[in-house]
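The block underneath contains the structure these notes are about, expressed in structure tokens.
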Amino acid sequence: MSSFKIHDDSAAVAAAAAERIASVASAGGHIALAGGSTPEKAYELLRTASLRGASLWFSDDRAVGPEAPESNYAMAARSLLDHIPEPDRPRVHRIEGELGPEAAADRYEALVRAELGDKPHFDLILLGLGPDAHTASLFPGKPAVGESRRFVVAVPEPGMKPWVPRVTFTLPLINAAREVLFLVAGADKAPAVARAFGEPPDPESPAAHVRPDPGRLVVMLDEEAAGILADD
Ligand code: 6PG
């Protein structure tokens, strides 16, 4: 099942996303956060929500330490986690990028299996979309897109900047989620949105392969990002 929600602007996308995250968190869900600018605004809005009982994960990160400027964890800490008072804090499982991409991917895969079993179903996975139609750290033409066995893999060479190795959830893990929520804003994303979600989708676009089954695909867009899709 998929649904598209078009909002006036990126602030409205962030507000709707924050509401959805808060609702899954209040039910004690396992939620994977994404990097990127639109999620960052949503995380800021969540500072006043209680995330107690929820478990936060990361759908991808750069293979760097938790304080590096490129770190998605650092962005989540800065925008949200560092502001939550102790009683309302969620459990946080970060990708240990400082171990290097391979070891960090192995550790995260083991953690996913330990917490969620060998058939893991996240309650909510947040994703962004790059202008090249990458999502998480699944870049067009790179081997991680074709991974069919593992849930988390290393990406030694990303397809765009920052040019640091990554660690990413794979399509089997993403497509097993109960809900996958894309957050996409800005006119520069309109062609990638059309490639990922237009009819027919472009198979070269990694995001076109994100189709949770039996889970729900929700795509939150601002009007600019939806521009080409809406004209189809
Ligand atoms: C990352 C992200 C990545 C991101 C997209 C969109 O680690 O870089 O997880 O997949 O979501 O590149 O990013 P923006 O929202 O900043 O455009």
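Just so you know, ligand 1 is whichever comes first in the structure, and atom 1 is the first atom listed for that ligand. Because the structure is predicted, anything quoted here is derived from the model rather than measured. Residues: numbered from 1 along the sequence shown.
Under the 6.0 Å cut-off for aromatic ring centres, Phe169 and Trp57 do not qualify, their centroids lying 6.0 Å or more apart. A distance of 6.0 Å or more separates the ring centres of Tyr108 and Phe151.
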Does ligand 1 have any N/O pairs with the protein under 3.5 Å, and how far apart?
{"residue": "ligand 1", "atom": "7 (O)", "partner": "Asp60", "partner atom": "OD1", "Å": "3.4"}
{"residue": "ligand 1", "atom": "7 (O)", "partner": "Asp60", "partner atom": "OD2", "Å": "2.9"}
{"residue": "ligand 1", "atom": "7 (O)", "partner": "Arg62", "partner atom": "NE", "Å": "3.2"}
{"residue": "ligand 1", "atom": "7 (O)", "partner": "Asn72", "partner atom": "ND2", "Å": "2.8"}
{"residue": "ligand 1", "atom": "8 (O)", "partner": "Arg62", "partner atom": "NH2", "Å": "2.7"}
{"residue": "ligand 1", "atom": "9 (O)", "partner": "Gly35", "partner atom": "N", "Å": "3.3"}
{"residue": "ligand 1", "atom": "9 (O)", "partner": "Asp60", "partner atom": "OD1", "Å": "2.7"}
{"residue": "ligand 1", "atom": "9 (O)", "partner": "Asp60", "partner atom": "OD2", "Å": "3.3"}
{"residue": "ligand 1", "atom": "10 (O)", "partner": "His134", "partner atom": "NE2", "Å": "3.4"}
{"residue": "ligand 1", "atom": "10 (O)", "partner": "Ala136", "partner atom": "N", "Å": "3.4"}
{"residue": "ligand 1", "atom": "10 (O)", "partner": "Ala136", "partner atom": "O", "Å": "2.7"}
{"residue": "ligand 1", "atom": "11 (O)", "partner": "Gly35", "partner atom": "O", "Å": "3.4"}
{"residue": "ligand 1", "atom": "12 (O)", "partner": "His134", "partner atom": "NE2", "Å": "2.9"}
{"residue": "ligand 1", "atom": "15 (O)", "partner": "Ser37", "partner atom": "N", "Å": "3.4"}
{"residue": "ligand 1", "atom": "16 (O)", "partner": "Ser37", "partner atom": "N", "Å": "2.9"}
{"residue": "ligand 1", "atom": "16 (O)", "partner": "Ser37", "partner atom": "OG", "Å": "3.2"}
{"residue": "ligand 1", "atom": "17 (O)", "partner": "Lys189", "partner atom": "NZ", "Å": "2.4"}

(request) Output, in order, the C-alpha distance, side-chain angles, deciding distance and verdict of side chain to side chain contact (heavy atoms under 4.5 Å, CB included) for Val218 and Val180. (result) CA-CA 6 Å; Val218 181; Val180 174; over 6 Å; no

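Two residues are said to be in side-chain contact when any heavy atoms from C-beta on lie closer than 4.5 Å; Tyr73 and Leu81 meet this criterion.
Residue pairs that meet the salt bridge (charged side-chain N to carboxylate O under 4.0 Å, His left out) test with at least one member in residues 174-195, sequence neighbours left out, are Arg20-Glu179, Asp123-Arg178, Glu179-Arg216, Arg195-Asp202.
A donor-acceptor contact closer than 3.5 angstrom links the side chains of Asp60 and Ser137.
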